[in-house]
> 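Dumping the structure here so I can ask a few things about it.
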Amino acid sequence: MRAYWWVLTILLLSSSAHAQVNFLSPGPLAKAHQSIDGRKNCSKCHVAGKGLSTKLCLDCHTEIQTRVVQNKGYHGRMQNIESQCFQCHPDHVGRDFQLIEWKPSKDQFDHNLTGYVLEGAHISQTCDACHMSKLLTDNQIKKTLSQHPNKQTYLGLSTTCQSCHFDEHRNQLSQQCQECHTQNQWKPADQFDHNKTSFALRGKHLQVACQECHPQLQDHQTYKTYLQPAKMTYTKMRPIAHQSCENCHADPHEGSFGKDCQSCHTEKDWKEVIGNKMQDRQFHQKTRYPLLGAHMLVACSDCHGPWGNGKAKYKDLAFQKCTNCHIDAHLGQIKYNTKGTETCEACHTFASFSVVEYTIAQHQTTPYPLENAHIAIACNQCHKSDKNLLKRLPVKSKKMLAYRKRKTLVSTAVFDFKNDLQACETCHTDIHHGQFKKKKCASCHQTTSFLKILFDHNTDSQFPLKKAHENVPCYKCHKIVRTKSGQKMQLFRPLPKNCIACHTDIHYGQFVDKNKNLLPCGTCHNETTWEKDLRFNHNDKAFTDYGLVGKHKSVKCEQCHQPILLKNKEKVILYKPLSRKCFSCHADHHKGEFGDFI
């Protein structure tokens with residue numbers, strides 16, 4: 001009989017020990033870490049007495065360690081990374097867990113934190129459209145994936161256009177695609193300006209279709225890479241011979257007048273003959289108005305006539321001011337204030353009116369000097385085109401142009417700003433959609449970088465961040481929402497200040513007042529830590545009328561307050577109502593001999 005009880009005791013102890021092991025293990029590791037599951041491998045991630053170790057994580061995940069050291073990418077740009085790994089990569093939650101807990105969600109991930117800002121058409125792309133193993137360029141990441149073929153990664157992409165997009169120009173042009181294209185759409189190439197090439201388009205050349213000079217070529221090459229061309233035909237960009245007119249045009253004179261076509265013809269109109277260039281121009285150089293730059297190519301009749309029924313005029317022509325011959329191309333927006341003399345030369349030269357030579361130093365003398373990041377902004381980003389300016393063209397100028405049969409060549413770029421130049425809204429869209437109407441942008445932002453924020457939550461808001469709230473990332477409270485028009489916006493105000501607005505009621509409405517309103521969380525909890533240092537006192541009638549006396553003082557909370565399963569399959573610790581009968585917690589060792597006593 002004693003031997004039987006001894007065997008039973010050993011079995012019970014073994015069962016208890018096994019239960020203790022399971023109690024100490026939070027759960028099985030994810031499939032990627034299953035090779036280090038088990039008590040003997042705990043030290044590979046945990047340091048005794050100190051918990052999880054980011055250093056140990058980085059010792060294994062060298063691809064992340066490299067980025068942290070180089071301050072590169074999302075992980076390299078994080079602050080306080082020593083306490084970050086487990087925030088997004090918890091483990092012990094099951095074999096099928098993918099080891100990434102997106103915060104707040106994968107779709108709402110702020111890609112700007114990686115250092116590569118998504119703009120234009122890139123915003124609408126899904127994560128998997130870019131983060132594919134086929135597009136990886138980082139050799140370290142490639143090697144890691146070859147060793148772990150089932151592993152998914154969001155690292156290793158290049159930020160160059162050619163790493164994701166096929167070069168439709170076949171290496172004819174610069175690899176800096178943004179010189180011509182924007183991220184909003186591939187066509188048309190809004191940034192491209194033919195006048196900045198070695199062959200500026202003027203006169204009739206402006207009307208020539210691109211394909212007349214840039215033919216379509218057939219691509220016979222076979223591409224074995226993932227990136228494939230959209231078409232097997234492409235436009236020839238270079239080399240395009242343009243040193244001589246004969247590169248494109250047949251010589252109808254068959255060489256009788258030499259190769260200097262410009263001596264008689266201009267780009268304005270091939271059939272408009274100006275006579276012998278050298279003879280006419282050399283004569284003009286002896287007058288009070290020598291011809292310079294583009295004026296050398298202007299037909300005599302453009303300045304001297306005849307127009308209409310009049311005769312050509314060669315004497316007593318006004319030429320002191322540009323406006324003696326040219327209309328105000330800026331339509332009255334620019335005020336000339338240098339002793340009453342028009343100063344077109346401040347920006348333009350005789351070489352070409354369309355090529356502007358306006359420096360930053362000149363801009364600093366305007367009512368809006370450029371500072372910091374504004375210096376790098378392209379002119380047309382602020383001075384946008386406004387076709388309504390054409391309405392300001394004086395009737396007198398229209399009649400003059402019509403009389404001389406000249407085209408209306410004016411600039412519709414805005415220079416005369418009606419709104420306050422010191423107000424950011426004059427040029428920038430309010431990305432907060434009116435949440436901060438009474439505040440100026442400069443109260444939080446600065447011109448050195450829009451991303452550098454001066455905002456202090458403790459002094460500039462009605463909700464100072466204290467204790468544990470100080471370490472909460474902004475996006476946890478300020479989530480991305482959509483406006484009535486469907487635009488994305490980060491919500492800053494109004495935000496409720498009560499706990500339940502951000503935190504789920506883990507007690508599921510057990511703690512309410514007489515009017516069935518939820519009691520403030522601060523009744524029991526504080527901002528230092530949620531579970532420790534509770535204010536709750538079982539013997540304080542302000543909390544409960546069931547005081548703990550005798551042996552009940554040493555009983556752990558969870559022995560009486562155990563989890564129950566709700567209808568929605570959620571587990572919750574039951575605090576009320578609880579039965580106060582002894583038999584609800586204790587076994588009746590008297591087997592009912594003394595009745596149902598409380």
Side-chain angles (χ1 to χ4, degrees), residues 110 112 117 119-120 123 178 182-184 190-191 328-348 356-392 410-463 474 478 480-481 483-485 487-495:
D110 186 356
N112 296 352
V117 179
E119 297 175 334
I123 296 176
Q178 62 273 17
T182 67
Q183 295 187 45
N184 294 320
D190 295 331
Q191 301 295 104
D328 178 7
H330 296 298
L331 304 170
Q333 294 185 86
I334 298 177
K335 310 301 179 184
Y336 304 103
N337 52 16
T338 306
K339 298 181 181 180
T341 302
E342 285 81 354
T343 56
C344 302
E345 299 90 342
C347 303
H348 304 279
V356 180
E357 295 185 358
Y358 188 76
T359 66
I360 296 296
Q362 287 175 281
H363 205 294
Q364 304 307 67
T365 63
T366 68
Y368 191 79
L370 300 179
E371 297 178 350
N372 300 320
H374 284 157
I375 294 177
I377 300 299
C379 305
N380 61 1
Q381 292 296 305
C382 298
H383 299 283
K384 297 181 183 296
S385 176
D386 182 3
K387 298 297 183 183
N388 290 321
L389 286 172
L390 294 173
K391 298 177 183 178
R392 298 173 60 172
V410 296
S411 170
T412 56
V414 176
F415 290 94
D416 185 14
F417 293 94
K418 300 301 181 185
N419 297 327
D420 182 10
L421 289 177
Q422 304 306 318
C424 302
E425 303 83 46
T426 299
C427 294
H428 299 280
T429 303
D430 178 14
I431 63 170
H432 300 304
H433 297 275
Q435 295 183 79
F436 303 100
K437 287 183 179 179
K438 296 182 180 180
K439 277 196 170 188
K440 293 183 177 180
C441 301
S443 61
C444 294
H445 303 281
Q446 50 190 326
T447 56
T448 53
S449 172
F450 189 79
L451 298 177
K452 291 183 178 179
I453 309 299
L454 301 174
F455 178 78
D456 186 341
H457 216 295
N458 292 333
T459 58
D460 298 333
S461 76
Q462 298 178 3
F463 190 83
C474 305
H478 302 285
I480 302 297
V481 299
T483 63
K484 293 181 179 179
S485 61
Q487 294 177 296
K488 285 186 178 182
M489 175 188 76
Q490 192 162 17
L491 185 63
F492 289 96
R493 59 168 63 172
L495 284 180

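In this chain, numbering begins with 1 at the start of the sequence shown.
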> Could you tell me whether K384 and D386 make a salt bridge, using a distance below 4.0 angstrom between a side-chain N and a carboxylate O?
no
> Mind checking the CZ-OG1 spacing from F415 to T366? Nearest 0.5 Å is all I need.
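If we round to the nearest 0.5 Å, F415:CZ and T366:OG1 are 11.0 Å apart.
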> Can you tell me how the ring of H383 sits relative to the ring of F417, calling it parallel under 30°, perpendicular over 60° and tilted otherwise?
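Geometry flag for F417 against H383: tilted rings.
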> Quick one: pull up CD in E425 and SG in C441 and give me the separation to the nearest 0.5 Å.
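Between atom CD of E425 and atom SG of C441 there are 4.5 Å.
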> Determine the minimum heavy-atom distance between V356 and H348, stating which atoms define it.
CG2-CE1, 4.0 Å
> For Q178, look at atom CD and say whether over 12 heavy atoms of other residues, nucleotides or ligands are found less than 6.0 Å away.
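Yes, CD of Q178 has more than 12 neighbouring heavy atoms, counting only those of other groups under 6.0 Å.
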> Return the CZ to OG1 distance between R392 and T412, rounded to the nearest 0.5 Å.
12.0 Å
> If you take all heavy atoms of I334 and H330, which pair is closest and at what distance?
CD1-CD2, 3.5 Å
> Q422 and P367: which non-hydrogen atoms are nearest, and at how many Å?
NE2-O, 3.8 Å
> Say whether, by atom type as modelled, one donor and one acceptor occur between the side chain of H428 and the main chain of A423 under 3.5 angstrom.
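It does not hold such a pair.
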> Between D460 and L454, what is the shortest heavy-atom contact and its length?
OD2-O, 4.2 Å
> Could you work out, with side chain to side chain contact (heavy atoms under 4.5 Å, CB included) as the rule, every residue matching K440, not counting sequence neighbours?
none
> Quick one: does Q362's side chain have a donor or acceptor within less than 3.5 Å of a partner on A346's backbone?
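It does hold such a pair.
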> For H433, which residues count as a side chain to side chain contact (heavy atoms under 4.5 Å, CB included) partner, sequence neighbours excluded?
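For H433 the side chain to side chain contact (heavy atoms under 4.5 Å, CB included) partners, ignoring immediate neighbours, are T483, Q487, M489.
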> Looking at T426 and L421, what are the two nearest heavy atoms and their distance?
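Result for this residue pair: OG1-N, 4.4 Å.
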> So how far is it from F436 CZ to F455 CZ, rounded to the nearest 0.5 Å?
7.0 Å
> What's the separation between atom OG1 in T447 and atom CG in L370, rounded to the nearest 0.5 Å?
10.0 Å
> Would you please classify the geometry between the H432 ring and the H445 ring as parallel, tilted or perpendicular, with 30° and 60° separating the classes?
parallel
> Between CZ of F450 and CG of N372, what distance do you get to the nearest 0.5 Å?
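Answer for the CZ-CG pair, F450 versus N372, is 14.5 Å.
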> Please give me the minimum heavy-atom distance between H457 and F463, naming the atom from each residue.
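Distance-wise, the nearest heavy atoms are ND1-O, 2.9 Å.
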> Within the 4.5 Å heavy-atom criterion, are Q435 and L491 side-chain neighbours or not?
yes
